[in-house]
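Hydrogens, waters and symmetry mates are skipped; everything else that's a heavy atom, side chains included, is used. Since we're looking at a predicted model, the values are computed, not measured.
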Number of protein chains: 2
Amino acid sequence: MLRLSKLTDYAVVVLVRLSHSAEVQTSPGIAAATGIPEPTVAKVLKTLAARGLVASHRGAHGGYRLARPLAGIAIAEVIGAIDGPIALTACVDGANAGCEVLQVCPVRGRWDPVNAAIREALAAISLEDMQLASVSRPFRIVSLARPAASTSPVPVVE
Amino acid sequence: MLRLSKLTDYAVVVLVRLSHSAEVQTSPGIAAATGIPEPTVAKVLKTLAARGLVASHRGAHGGYRLARPLAGIAIAEVIGAIDGPIALTACVDGANAGCEVLQVCPVRGRWDPVNAAIREALAAISLEDMQLASVSRPFRIVSLARPAASTSPVPVVE
DNA sequence: AACTAACAGGACCCAAGCAGTCCTGATTAG
DNA sequence: CTAATCAGGACTGCTTGGGTCCTGTTAGTT
């Protein structure tokens, strides 16, 4: 279903959190503030730093800082940083050998316009847009029946 | 990386194949013509039939037929039929309990504009557009080093 | 009426990819 | 020099989807 990796979701949370302060923030600090497990936060931040979306400061009293304001970061960049290039995989491995029939496989390159459209759409939305989108929008709680043996009965939001 | 399921790719191939003829075509026939494994073709066709994208005819000399011309089928419909509703999953299960911090989780609903943008982009592209896109576009062959034990050394197109 | 070709709709198994953790090394403030 | 913190990679358990198969139903054909 056009799955977006959960890590990308975390990345957005982390970036928004970073925007709350101009000072450097440590990954344990962000983990505590967001509730995301610390190792995962660290992993996300490292990836974002490698892609230049956040600036890192090593050593004691180091941490992370936004490289740019939220408005300057397109959601496409975040997805690209975490999930890799934005492209719907199609006809990847040589498993479907049907393409030799006409020597012009009916799908080769077919997805290009689709990829382009999606990339364009995602490039037009900045993190600031996403931040603003939810401020005015309360969310409804959906209580979910859950076996007692499971994790804590956390209300799930749809 | 915004993975699109391979099944959806197959669905496009099958639908384009179906458009070649107004007569009903059997799934083994389509499998032979496209090179896609027959059971998989059958699975895709059954799903597409359930969603009304193709019309099925049961019994002897039965088969499948396009319910609408290619131009009338948006790629969004195909994706929706195979992969389910178009939505980037975010904050799905109750695992990330961090949202209770501010009682206004920093991501809830955040992806809605993104989803809407993608849905809009995909609704604007019909299968006919995809078919036309590749006719004029030759593809380059990338010979891939492949262990001899593998399947036939099929040239892979990128 | 019986037979057969074809779809319908599941159940099922296996593998790939990802979330999440941990470990070791490099860097820098105090 | 020491401690705090990032950098980078290796590893593992699990979820999900790709693919197969089986049984039932429908409808032409003889």
Check L45(B), L53(B), L70(B) against L18(B) for a side chain to side chain contact (heavy atoms under 4.5 Å, CB included) and give me the one that passes. L45(B)
Could you check P37(A) against L45(B) and say which one's nearest nucleotide on DNA chain C is further toward the 5' end? L45(B)
Check whether any side-chain heavy atom of Y10(B) lies under 4.5 Å from a side-chain heavy atom of T34(B), and answer yes or no. no
Is the closest side-chain heavy-atom distance between L48(A) and Y64(A) below 4.5 Å? no
Quick one: are I36(B) and V44(B) in side-chain contact, heavy atoms under 4.5 Å? no
Letter by letter from the 5' end, nucleotides 25-30 of chain D scores (B base, S sugar-phosphate only, - none; protein heavy atoms under 4.0 Å) BBSSS-
Determine: side-chain N/O of S56(B) to OP1/OP2 of dA6(C), distance under 4.0 Å, yes or no. no
Between C1' on dG17(D) and CG on D9(B), what's the gap in Å once rounded to a whole number? 15 Å
Measure from CG on D83(B) to P on dG17(D) and round the result to the nearest Å. 8 Å
Report the end-to-end axis angle of the helix from dA1(C)-dT30(D) to dG30(C)-dC1(D); each axis comes from five terminal pairs, and the value is rounded to 10°. 10°
Mark yes when over 12 heavy atoms from residues, nucleotides or ligands other than E120(B) sit less than 6.0 Å from its CD; otherwise mark no. no
Does dG19(D) have OP1 or OP2 under 4.0 Å away from a side-chain N or O of Y10(B)? yes
Round to the nearest Å and state the distance from K46(B) atom NZ to dG24(D) atom P. 15 Å
Check this one for me: any side-chain N or O of S27(A) less than 4.0 Å away from OP1 or OP2 of dT5(D)? no
In whole angstrom, what separates I30(A)'s CD1 from dC6(D)'s P? 8 Å
Counting only distance, no hydrogens or angles, is the base of dG19(D) paired donor-acceptor with the side chain of K43(B) under 3.5 Å? yes
Give a yes or no on whether a donor-acceptor pair under 3.5 Å exists between the nucleobase atoms of dG18(D), that is its base, and the side chain of K6(B). no
So, taking the atom named CD1 in I79(A) and the one named CG in L7(A), what distance separates them when rounded to the nearest 0.5 Å? 12.5 Å
Measure from CG on L48(A) to P on dG8(D) and round the result to the nearest Å. 13 Å
Heavy atoms under 4.0 Å, any strand shown: does L7(A) hit a base, just sugar-phosphate, or nothing? sugar-phosphate
Check whether any side-chain N or O of S5(A) sits under 4.0 Å from OP1 or OP2 of dA19(C), and answer yes or no. yes
Can you tell if the side chain of W111(B) reaches within under 4.5 Å of the side chain of I118(B), non-hydrogen atoms only? no
Measure from CZ on R51(B) to P on dG9(C) and round the result to the nearest Å. 14 Å
Taking the side chain as every heavy atom from C-beta outward, state whether I82(A) and S5(A) have any atom pair closer than 4.5 Å. yes
From CD of Q25(B) over to P of dC7(C), roughly how many Å is that when rounded to an integer? 11 Å
What one should report as the nearest heavy-atom pair of I125(B) and P113(A) is CD1-O, 3.7 Å
Find the distance E23(A):CD to dA29(C):C1' and express it as a whole number of Å. 16 Å
Counting only side-chain N and O atoms of T40(A), is one of them less than 4.0 Å from OP1 or OP2 of dT21(C)? yes
Applying salt bridge (Lys or Arg N to Asp or Glu O under 4.0 Å) as the test, list every pair that has at least one member in residues 65-78 of chain A; sequence neighbours left out. R68(A)-E77(A)
